[in-house]
Amino acid sequence: EAHTPSNMFRQVTRLGGVARQARALSTTPASQELAKAPIQLFGITGRYAHALYSAASKNKVLDAVEKELMAVKARAASDKAFSGFLANPVLSRKEKTEAVEAMMANKKYSDTTKNFFGALAENNRLDITPEVIDAFETLMIAHRGEVTCKITSAQPLDASTTKKLGEALKGFVSKGQSLKISTEVDPTIVGGLIVDVGEKHIDMSIATKVQKYTALLKESL
């Protein structure tokens, strides 16, 4: 059987249980031909993401597939009917497959993305679409040499402050890497910042400081 992107997805996902999938990945010829991803993800979502990354890499459509997946994710987040369709446990695999094929053809998505969603539908896994897209995005971030950095503040940060923080945080990445900064507002931290960069967690919030001082005061009583 030819190792087309569609066949690769089916070989990765055809078997039912996670344990059986793991055996399939480690023993089938298709697994030996998977393009190597920059990092290793695990679980069912990781396996789908790796299969998609491999197919997109071989077909030289990584950026196009990423863009298409982001569009699907955005639609799932904003369109309740669409997200409900993805999660619907009542529709048959045939119904889901036909609906997905029609949607992909209408949007003129790449063959790689069409095959990917066709495989999800055929294997009754459309309900994990958002999680698989997140896993694929994790692979793409690593592919670009980016390190994710989330800055949480009590009040929205202006562009100038965010830029200065980005400059200060460059020391946390290695040569050749870049920071992918996102910001989040959480009034409960009162003030200060919480920074999550790569695997590091830096809590400089006033709320945490108050908790520490309160605990020290209780110990001294």
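Below, all heavy atoms of this structure are taken into account, side chains as well, without hydrogens, waters or symmetry copies.
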Taking the basic N atoms (NZ, or NE/NH1/NH2) and the acidic carboxylate oxygens, is any pair closer than 4.0 Å for [X] and [Y]?
X: Glu131; Y: Arg47; answer: no
X: Glu167; Y: Lys163; answer: no
X: Asp134; Y: Lys73; answer: yes
X: Arg93; Y: Glu98; answer: no

Under 4.5 Å between side-chain heavy atoms, counting indirect links through other Ile/Leu/Val/Met/Phe/Trp/Tyr residues: same cluster for [X] and [Y] or not?
X: Ile133; Y: Ile39; answer: yes
X: Phe82; Y: Leu91; answer: yes
X: Ile44; Y: Leu86; answer: yes
X: Ile151; Y: Val190; answer: no
X: Val61; Y: Val132; answer: yes

I'd like to check [X] versus [Y] (side-chain heavy atoms, cut-off strictly below 4.5 Å). Are they in contact?
X: Met204; Y: Ile194; answer: no
X: Thr162; Y: Ile181; answer: yes
X: Asn115; Y: Leu52; answer: no
X: Ile202; Y: Phe172; answer: yes
X: Glu101; Y: Phe117; answer: no
X: Leu165; Y: Leu193; answer: yes
X: Phe136; Y: Leu41; answer: no
X: Lys114; Y: Lys107; answer: no

Test your reading of the model: is there a side-chain donor-acceptor pair from [X] to the backbone of [Y], 3.5 Å cut-off?
X: Asn59; Y: Ala55; value: yes
X: Asp186; Y: Thr188; value: yes
X: Ser174; Y: Gln177; value: no
X: Lys96; Y: Asn88; value: yes

Item to complete: Go through Tyr109 and Val72 one step at a time and tell me if the side chain to side chain contact (heavy atoms under 4.5 Å, CB included) criterion holds.
Response: CA-CA 11 Å; Tyr109 284 162; Val72 172; 3.9 Å; yes
Inter-residue atom distance [X].[atom1] - [Y].[atom2], 0.5 Å rounding:
X: Thr183; Y: Leu157; atom1: OG1; atom2: CG; answer: 6.0 Å
X: Thr113; Y: Met104; atom1: OG1; atom2: CE; answer: 7.0 Å
X: His201; Y: Lys150; atom1: NE2; atom2: NZ; answer: 9.0 Å
X: Glu184; Y: Ser153; atom1: CD; atom2: OG; answer: 9.0 Å
X: His50; Y: Phe42; atom1: NE2; atom2: CZ; answer: 7.5 Å
X: Tyr48; Y: Asn123; atom1: OH; atom2: CG; answer: 4.0 Å

Discussion item. Is there a side chain to side chain contact (heavy atoms under 4.5 Å, CB included) between Leu62 and Met140? Walk through the geometry before answering.
Written reply: CA-CA 8 Å; Leu62 276 172; Met140 287 300 294; 3.8 Å; yes
Please name the pair of heavy atoms, one in [X] and one in [Y], separated by the smallest distance, quoted to 0.1 Å.
X: Ala87; Y: Asp127; result: CA-CB, 4.1 Å
X: Thr45; Y: Ala135; result: O-CB, 4.0 Å
X: Tyr53; Y: Ala37; result: CE2-CA, 3.6 Å
X: Thr152; Y: Ile189; result: O-CD1, 3.6 Å

Worksheet entry | Short side-chain donor-acceptor distance under 3.5 Å, Asp158 and Thr161 |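 On atom types as modelled, these side chains qualify, holding a pair under 3.5 Å.
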Worksheet item: So, Ser205 versus Thr208: side-chain donor-acceptor pair below 3.5 Å or not?
Response: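 Per modelled atom types, Ser205 and Thr208 side chains form a pair under 3.5 Å.
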Worksheet entry | From CA spacing to verdict: side chain to side chain contact (heavy atoms under 4.5 Å, CB included), Ser54, Lys58 | CA-CA 6 Å; Ser54 178; Lys58 288 188 174 186; 4.2 Å; yes
Worksheet entry | Enclosure of Gln40 CD (heavy-atom neighbours >12, cutoff 6.0 Å) |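 Yes, enclosed.
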Practice prompt. Check the pair Leu126, Val100 against side chain to side chain contact (heavy atoms under 4.5 Å, CB included), reporting the backbone distance first and the verdict last.
Written response: CA-CA 10 Å; Leu126 283 175; Val100 164; 3.7 Å; yes
Discussion item. Run Glu68 and Arg75 through salt bridge (charged side-chain N to carboxylate O under 4.0 Å, His left out) and show every step you take.
Written reply: CA-CA 11 Å; Glu68 291 164 354; Arg75 182 179 175 185; over 6 Å; no
